[in-house]
Amino acid sequence: MTPQKITIEQSTLKILYVKYKSFLIPLGIVLTCILLFFIIIVPQITELFSTDARAQATREKIAILRENMRFLSTVPSDVQDSNVIIATAALPLEKDYAGIIRAISVASVKSGAEIDDFSFSVGNIAEESKDANSNPAINLELNIKGSVDVERRFLEQLYQTAPLSKINSFEINAETGTLTILFYYKAVPAVKVDYKKPIQPLSKSETALLDKISPWGF
Amino acid sequence: MNDINLLPEKQASNQRTRRILRIFKGSAIISLGLLALCALVVFIVKLSSPLPALQNQENALILELDKSKEKTAKFFLLHNRLLNIQKILSMREDYSVTMQEVFKRMPEGIFVDSLSVTKSEILFTVSSTSLFSLDVFINNLVDATVKKEVFQKITLKNLSLDQRTGKYFLSLEGVVL
């Protein structure tokens with residue numbers, strides 16, 4: 001069975017349009033209204049229901065922002081600057097050769113040890129540590145002269161001098177000593193300042209640590 | 001010839017058409033009205049919402065805080081430095097303390113000839129002309145190891161005598177706690 005082809009003449013359509021024209025306009029208006037209701041009004045009503053929750057969340061953010069403002073205004077700039085200087089002296093943002101030489105000199109003067117020769121293992125000077133958990137360090141081999149007790153005092157003094165160091169290995173005898181020391185540094189990871197998060201004041205342990213390391217840089 | 005009166009039927013049909021048209025027009029007006037009413041109600045409810053005012057307040061505070069951006073960044077830097085300093089301090093061994101503990105337990109007449117440290121092991125050689133002093137020193141270290149004060153483990157590596165000088169040499173290896 002072959003499907004029948006139905007054709008509507010243009011004139012027929014015109015006749016139908018003229019006959020039902022008066023019905024088409026109100027029908028169009030009703031359909032448009034229904035369409036607008038679902039496209040515009042329904043989403044607006046849905047949004048209204050979430051407004052209370054959003055207002056509450058905004059109130060909480062405002063409270064945090066106010067607290068941050070209050071907190072920042074109570075911290076004296078000079079104290080903060082001095083704390084940053086102490087902390088960055090202990091753990092520099094980049095390889096601090098001058099700081100290392102100064103630390104060795106200070107430890108030597110305080111312990112009475114005589115500095116012989118030393119050499120740095122610099123590594124790739126262009127490479128920065130990308131791993132946030134790693135602690136990059138400069139390796140230093142140092143020869144010192146002095147009694148065993150003087151050398152012990154040198155180690156003790158070096159651990160109390162900025163920048164932070166770690167004795168990797170050492171070999172000392174009655175007159176001389178050879179030390180392998182790691183001097184740490186760490187770049188600051190890129191960060192986007194988010195005011196909507198509370199700014200944490202220094203905790204008790206952080207303040208204690210700051211007090212502990214503050215004499216190390218001077 | 002019979003009369004054909006089509007008029008009443010046509011009138012009735014027209015009346016029905018007009019009625020349907022009135023219903024259509026009424027529906028259109030009611031739809032428009034309802035839509036306008038809904039829009040108005042939503043507008044009024046939104047107007048009475050505190051959200052826009054709160055958002056303005058939030059933006060104003062952010063702008064105000066933006067003036068202290070440097071101070072905020074310094075706080076971040078400070079926390080970051082202190083956290084990493086703490087990590088480094090907790091992982092480094094202070095050998096001077098261990099040495100001090102060993103020296104403390106050393107009786108008079110004993111001299112340190114050499115001392116070397118690799119990772120957590122300390123190897124040291126002491127000398128003395130008195131075997132008694134060396135015995136006291138060994139006992140002191142063994143005692144400290146048993147009490148877990150200095151070493152986890154201590155091993156006597158060598159004991160020798162230099163007949164020319166009359167000195168005894170004692171080599172010990174300790175694993176730091």
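Convention: sequence-line order gives letters A, B, ...; per-chain numbering from 1.
When side chains are defined from C-beta on, B/Glu58 counts as touching A/Leu65, because their heavy atoms get closer than 4.5 Å. Side-chain contact between A/Cys33 and B/Leu32 is present, with heavy atoms from C-beta onward closer than 4.5 Å. For the pair A/Leu202 and B/Leu78, the minimum side-chain heavy-atom distance is below 4.5 Å. By the 4.5 Å heavy-atom criterion applied to side chains, A/Tyr159 and B/Ser96 are not counted as neighbours. For the pair B/Glu93 and A/Ile167, the minimum side-chain heavy-atom distance is 4.5 Å or more. Side-chain atoms of B/Leu115 and A/Arg152, non-hydrogen and from C-beta on, never get closer than 4.5 Å to each other. The shortest side-chain heavy-atom distance between A/Ile25 and B/Lys25 does not fall under the 4.5 Å cut-off. Taking 4.5 Å as the limit, every side-chain heavy atom of B/Thr72 sits out of range of all side-chain heavy atoms of A/Asn68.
When each of B/Ile29, B/Val97, B/Leu89, B/Leu34 is scored by its heavy-atom pairs under 4.5 Å with chain A, the top score falls to B/Leu89. With chain A as the partner, the residue from B/Cys38, B/Ser31, B/Gly26 showing the most heavy-atom pairs under 4.5 Å is B/Ser31. Of the residues considered (B/Leu51, B/Ile122, B/Leu123, B/Ile62), B/Leu51 shows the highest number of contacts with chain A, using heavy-atom pairs under 4.5 Å.
B/Lys74 pairs in a side chain to side chain contact (heavy atoms under 4.5 Å, CB included) with only one of the listed residues (A/Asp81, A/Val75, A/Asn83), which is A/Asp81.
Within the 4.5 angstrom heavy-atom criterion, only side-chain atoms of A/Phe71, from C-beta onward, approach chain B. Looking at B/Ser49, only its side chain comes within 4.5 Å of chain A, counting heavy atoms on both sides. Of the atoms belonging to A/Ile199, it is side-chain heavy atoms, and not backbone ones, that fall under 4.5 Å from chain B. Heavy-atom distances place both the backbone and the side chain of B/Ile20 under 4.5 Å from chain A. Both the backbone and the side chain of A/Thr88 have a heavy atom closer than 4.5 Å to some heavy atom of chain B. No part of B/Glu70 comes within reach of chain A, as not one of its non-hydrogen atoms sits under 4.5 angstrom from that chain. Both the backbone and the side chain of B/Thr17 come within contact range of chain A, with heavy atoms under 4.5 Å apart. A/Asp52 does not touch chain B: none of its heavy atoms, backbone or side chain, sits under 4.5 Å away. For B/Asp94, the parts lying near chain A are the backbone and the side chain together; criterion is any non-hydrogen pair under 4.5 Å. Both the backbone and the side chain of A/Phe170 come within less than 4.5 Å of a heavy atom of chain B. With a threshold of 4.5 angstrom between heavy atoms, B/Phe75 approaches chain A through its backbone and through its side chain. Proximity to chain A (any heavy atom under 4.5 Å) is shown, for B/Phe24, by both the backbone and the side chain. For A/Gln200, the parts lying under 4.5 angstrom from a heavy atom of chain B are both the backbone and the side chain. Contacts between A/Ile172 and chain B at a heavy-atom distance below 4.5 Å involve backbone atoms as well as side-chain atoms. Proximity to chain B (any heavy atom under 4.5 Å) is shown, for A/Pro163, by neither the backbone nor the side chain.
If you take CD on B/Gln55 and CZ on A/Arg54, they are separated by 5.5 Å, rounding to the nearest 0.5 Å. To the nearest 0.5 Å, atom CD of residue A/Glu206 and atom CD1 of residue B/Ile85 are 10.0 Å apart.
In terms of modelled atom types and a separation under 3.5 Å, the side chain of B/Arg81 and the main chain of A/Ile85 share no donor-acceptor contact. One N or O on the side chain of B/Arg92 and one on the backbone of A/Ser165 form a donor-acceptor pair closer than 3.5 Å. For the pair B/Lys71 (side chain) and A/Leu72 (backbone), a donor-acceptor distance under 3.5 Å is present.
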Exercise. Could you go through the side-chain contact (heavy atoms from CB on, under 4.5 Å) check for A/Leu93 and B/Leu77 one step at a time?
Key: CA-CA 10 Å; A/Leu93 302 169; B/Leu77 174 66; 3.9 Å; yes
Practice problem: Check step by step if side-chain contact (heavy atoms from CB on, under 4.5 Å) holds for B/Phe103 and A/Val148. | Solution: CA-CA 10 Å; B/Phe103 293 169; A/Val148 173; 3.3 Å; yes
